[in-house]
Amino acid sequence: MGQTKKIPTRTCTGCREEKNKKELIRIVRDKDGNVFVDMTGKQNGRGAYICPKRQCLEKALKNRGLERTLKISKISDEVKSQLMEQLGEENE
């Protein structure tokens with residue numbers, strides 16, 4: 001009997017749907033407080049997951065879900081625009 005490998009799932013911070021980890025984009029806060037998109041999924045730091053859809057990012061920013069998950073007080077406008085830019089590239 002072959003064992004099937006368990007596929008890790010994560011919850012999107014925007015739409016709150018549980019999805020396969022590989023389908024989501026990981027956003028990381030490192031120990032210095034920098035917030036960035038982790039394309040490898042292996043960076044050190046506290047991670048939040050989000051669907052590769054602009055509306056999920058907008059929802060996560062609006063309801064402060066990213067701030068809560070990453071345990072920070074505020075995401076800078078600069079980081080928000082970087083996230084929007086990178087999500088725009090994902091949708092192409």
Side-chain angles (χ1 to χ4, degrees):
M1 302 245 168
Q3 285 187 323
T4 56
K5 191 174 178 184
K6 188 177 183 306
I7 298 170
T9 59
R10 298 290 183 266
T11 303
C12 172
T13 312
C15 65
R16 310 296 302 154
E17 280 183 38
E18 197 171 290
K19 296 188 177 183
N20 180 337
K21 184 178 169 183
K22 291 198 184 317
E23 294 174 27
L24 300 172
I25 295 169
R26 184 168 186 250
I27 299 169
V28 178
R29 175 189 50 85
D30 65 14
K31 65 182 187 317
D32 298 324
N34 303 314
V35 177
F36 56 93
V37 174
D38 175 12
M39 298 317 263
T40 64
K42 294 180 170 96
Q43 295 285 339
N44 286 334
R46 181 154 187 91
Y49 291 84
I50 196 154
C51 295
K53 297 179 195 152
R54 190 174 287 264
Q55 66 253 32
C56 281
L57 177 60
E58 288 169 356
K59 201 171 190 179
L61 292 171
K62 188 177 177 188
N63 68 16
R64 299 184 50 81
L66 275 179
E67 284 99 330
R68 270 196 307 279
T69 305
L70 296 174
K71 295 187 176 176
I72 55 176
S73 57
K74 187 177 188 325
I75 293 179
S76 72
D77 291 337
E78 184 185 335
V79 171
K80 285 179 187 177
S81 62
Q82 284 176 347
L83 294 173
M84 287 288 191
E85 223 173 87
Q86 285 174 310
L87 270 180
E89 290 167 13
E90 289 284 321
N91 291 334
E92 288 173 9

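FYI, the numbering just counts along the sequence from 1.
- Phe36 belongs to a hydrophobic cluster with Val28, counting contacts under 4.5 Å between side-chain heavy atoms of Ile, Leu, Val, Met, Phe, Trp and Tyr, direct or through other members.
- Contact annotation: the side chain of Lys21 never approaches that of Ile7 to less than 4.5 Å [non-hydrogen atoms, C-beta and beyond].
- Here Lys22 pairs with Asn20 under the side chain to side chain contact (heavy atoms under 4.5 Å, CB included) rule; sequence neighbours left out.
- With sequence neighbours left out, Glu17 forms a side chain to side chain contact (heavy atoms under 4.5 Å, CB included) with Cys15, Lys19.
- Remark: Ser81 pairs with no residue by the side chain to side chain donor-acceptor pair (under 3.5 Å) rule, at least two apart or across chains.
- Not counting sequence neighbours, the partners of Arg68 by the side chain to side chain contact (heavy atoms under 4.5 Å, CB included) test are Asn63, Arg64.
- Using a 4.5 Å cut-off between side-chain heavy atoms of Ile, Leu, Val, Met, Phe, Trp and Tyr, with links allowed through other members, Tyr49 and Ile25 fall into different hydrophobic clusters.
- By the 4.5 Å heavy-atom criterion applied to side chains, Val35 and Leu66 are not counted as neighbours.
- Between atom CG of residue Leu70 and atom OG1 of residue Thr13 there is a gap of 7.5 Å, rounded to the nearest 0.5 Å.
- Pairing each heavy atom of Gly47 with each of Thr69, the nearest pair is O-CG2, 3.8 Å.
- For the atom pair CE (Met84) and CG (Leu61), the distance works out to 5.5 Å, reported to the nearest 0.5 Å.
- Scored by the side chain to side chain donor-acceptor pair (under 3.5 Å) test, Asn44 finds no partners at all (sequence neighbours excluded).
- In this structure Arg46 satisfies the salt bridge (charged side-chain N to carboxylate O under 4.0 Å, His left out) test with no other residue, sequence neighbours excluded.
- By the 4.5 Å heavy-atom criterion applied to side chains, Asp77 and Lys80 are counted as neighbours.
- Cluster annotation: Ile72 is connected to Ile50 through the hydrophobic network of ILVMFWY side chains, with a link wherever side-chain heavy atoms come within less than 4.5 Å.
- In the hydrophobic cluster analysis, where Ile, Leu, Val, Met, Phe, Trp and Tyr join through side-chain heavy atoms closer than 4.5 angstrom, Val79 is grouped together with Leu57.
- Contacts of Thr9 classified as side chain to side chain contact (heavy atoms under 4.5 Å, CB included), with partners at least two apart in sequence or in another chain: Glu18.
- Between Ser76 atom OG and Gln82 atom CD the span is 7.5 Å, to the nearest 0.5 Å.
- Of all heavy-atom pairs between Cys51 and Cys12, the closest is N-SG, 3.3 Å.
- With sequence neighbours excluded, the residues that form a salt bridge (charged side-chain N to carboxylate O under 4.0 Å, His left out) with Arg26 are Asp38.
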